[in-house]
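Have a look at the structure below before the remarks.
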Number of protein chains: 2
Amino acid sequence: MATRTASPRKRPLQGRSKHTVAMILEATARVLTSHGYDRTTTNLVAETAGVSIGSLYEYFPNKEGLVAALASAHVAELVARVDAVLALPCEETPRAVVAALVRAGLEAHRVAPALHKVLVEQVPRIGALADAMAVSAVLQAKIAADLQRRAPALPPARVRMVALVLETCIEALTHRAVVEAPDWLETGEIEREALRLLEPYIERALGP
Amino acid sequence: MATRTASPRKRPLQGRSKHTVAMILEATARVLTSHGYDRTTTNLVAETAGVSIGSLYEYFPNKEGLVAALASAHVAELVARVDAVLALPCEETPRAVVAALVRAGLEAHRVAPALHKVLVEQVPRIGALADAMAVSAVLQAKIAADLQRRAPALPPARVRMVALVLETCIEALTHRAVVEAPDWLETGEIEREALRLLEPYIERALGP
DNA sequence: CGATAATCCGAGCGTTTACTCAGCTTCTCA
DNA sequence: TGAGAAGCTGAGTAAACGCTCGGATTATCG
């Protein structure tokens, strides 16, 4: 079983192996959503991808590595979206920024709700997976920095708390929508309600 | 491995066996917090409890059963606390009810934050565990019913949405505090901030 | 073309671990 | 007090599954 800490593996150089890696990741996502984390075996992933188990282990150190790759792709996308929002000009009202953050969180989960559900509910947050899935701290720091920039007068401790609340609620509402009612992701109902919750909060927190 | 669906086992009748079961559950909690879910083996639990593995399987159908017992105890406590809050007289303001709900959520997690952290982060929500850990829907229904009682004029769909937001945010903030800053559970800082967020929201939602 | 590197293959090894069972000990109660 | 019920024991079983390894196949390039 081993569970070694993600040892370095061969990197795909030729187009052939790049394709193989892509197939493996795609298969991982498919197996994960259809079988769940526990019943996802490396052999099944390889078979589903149409490659041999040996090839799989050329590029991924272990089962964790497969899932971590998917998770960090998602995390990277989310971070990118948030960065884009926080690059908005300083003149934007806090409401607008919050609205954009909510939208960013929701957009990032529209792609593959079923996969996200498995990731959230079944994948144990330990080892490499823990790091891969620990976005919240990063996002909170980014949001806090941005808030501080827009409201320099506020004490940093206060800003951090507000960032925590914002990030926590956006993530929670997004995930609830993903796991309990994917429809609401489409209709935008969750988005509207999140704003009803967070806009007054941010106005009071930053405003006079 | 099997993973059969929680088959019925012997129930502890004499005081001796009741004590054994208690020891096993206590050991489960200890091993869970110190080793994590994956590294929690039934043999280790039995050893830690000071009983034989055979005795363990007299009372618990499988590994899931152990964890499910802990989880549903926690869930039962939480539900009881929420029920107590919702039994408050109708004259109470919505703010007061929300404050009480926040407090209930936080109180229920003060007992064993480390255990809750493992339960939330590492235990896969599948099979028996899924049921055991699916409180949110139940709580939302209870909260919705109460809100409707206090504001009969509101459309049911709207009430359900508000209940979802309330329950989601309380749980999320509570869990964040548990896993990221158990201190804030004690200081009451999280509680105050949660109210700053939720009181304006509920007033607008129920009010004129 | 020949040589070297990159890629791919898949049977099977070794370990882990949930769980059983046959027999022993302790309790209950008529 | 003794017979049956309840409880306890722990070495052993069986099966799952992650992962390796020796070797075949294909690409790259002088």
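Lettering follows sequence order; numbering is per chain, from 1.
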Just to confirm, is there a sub-4.0 Å distance from OP1 or OP2 of dC8(D) to any side-chain nitrogen or oxygen of T20(B)?
yes
Query raised in the report: Within the pair S17(B) and dG7(D), is there a side-chain N or O less than 4.0 Å away from OP1 or OP2?
Result: yes
To the nearest angstrom, the NE2-P distance between H19(A) and dA6(C) comes to 21 Å
Side chain to side chain contact (heavy atoms under 4.5 Å, CB included) with L166(A): of V102(A), V97(A), I202(A), only one passes, and it is I202(A)
Between CD1 of I53(A) and P of dC17(D) the distance, given in whole Å, is 12 Å
query: Is it true that atom CZ of R103(B) has more than 12 heavy atoms of other residues, nucleotides or ligands lying nearer than 6.0 Å?
result: no
Note: for L13(B) and G54(A) on DNA chain D, the residue whose nearest nucleotide lies more 5' is L13(B)
In whole angstroms, the gap separating C1' of dA5(C) from CD of E58(A) amounts to 13 Å
Quick note, T42(B) side chain, CB onward, closest among dT9(D), dC19(C), dT20(D) is dC19(C)
When rounded to whole Å, the CZ to P distance for the pair R9(A) and dC8(C) reads 15 Å
Checklist entry - Is any side-chain N or O of N43(A) under 3.5 Å from a base N or O of dC19(D), one able to act as donor and the other as acceptor? => result yes
Exercise for the section: Would you indicate whether the side-chain heavy atoms of R150(B) and E92(B) approach each other to under 4.5 Å? Expected result: yes
R16(A) has its side chain closest, among dC9(C), dG7(D), dT26(D), to dT26(D)
When rounded to whole Å, the NE2 to P distance for the pair H35(B) and dT17(C) reads 11 Å
_Classify S55(B) by what it touches in the nucleic acid, base, sugar-phosphate, or nothing, heavy-atom distance under 4.0 Å._
base
Rounded to whole Å, CD1 of I24(B) lies from C1' of dT9(D) at a distance of 13 Å
Practice problem: Using only heavy-atom distances, decide whether a donor-acceptor pair under 3.5 angstrom links the side-chain of Q14(B) to the base of dC27(C). | Solution: no
Between OH of Y57(A) and C1' of dG12(C) the distance, given in whole Å, is 14 Å
With H116(A) as partner, the option from E121(A), H109(A), H74(A) fulfilling side-chain hydrogen bond (donor to acceptor under 3.5 Å, both in side chains) is H74(A)
Atom CG of N62(A) and atom P of dG14(C) are separated, to the nearest Å, by 21 Å
| message | Does K63(B) qualify as a cation-pi partner of Y37(B), given the criterion of NZ or CZ under 6.0 Å from the six-membered ring centre and within 45 degrees of its axis? | response | yes
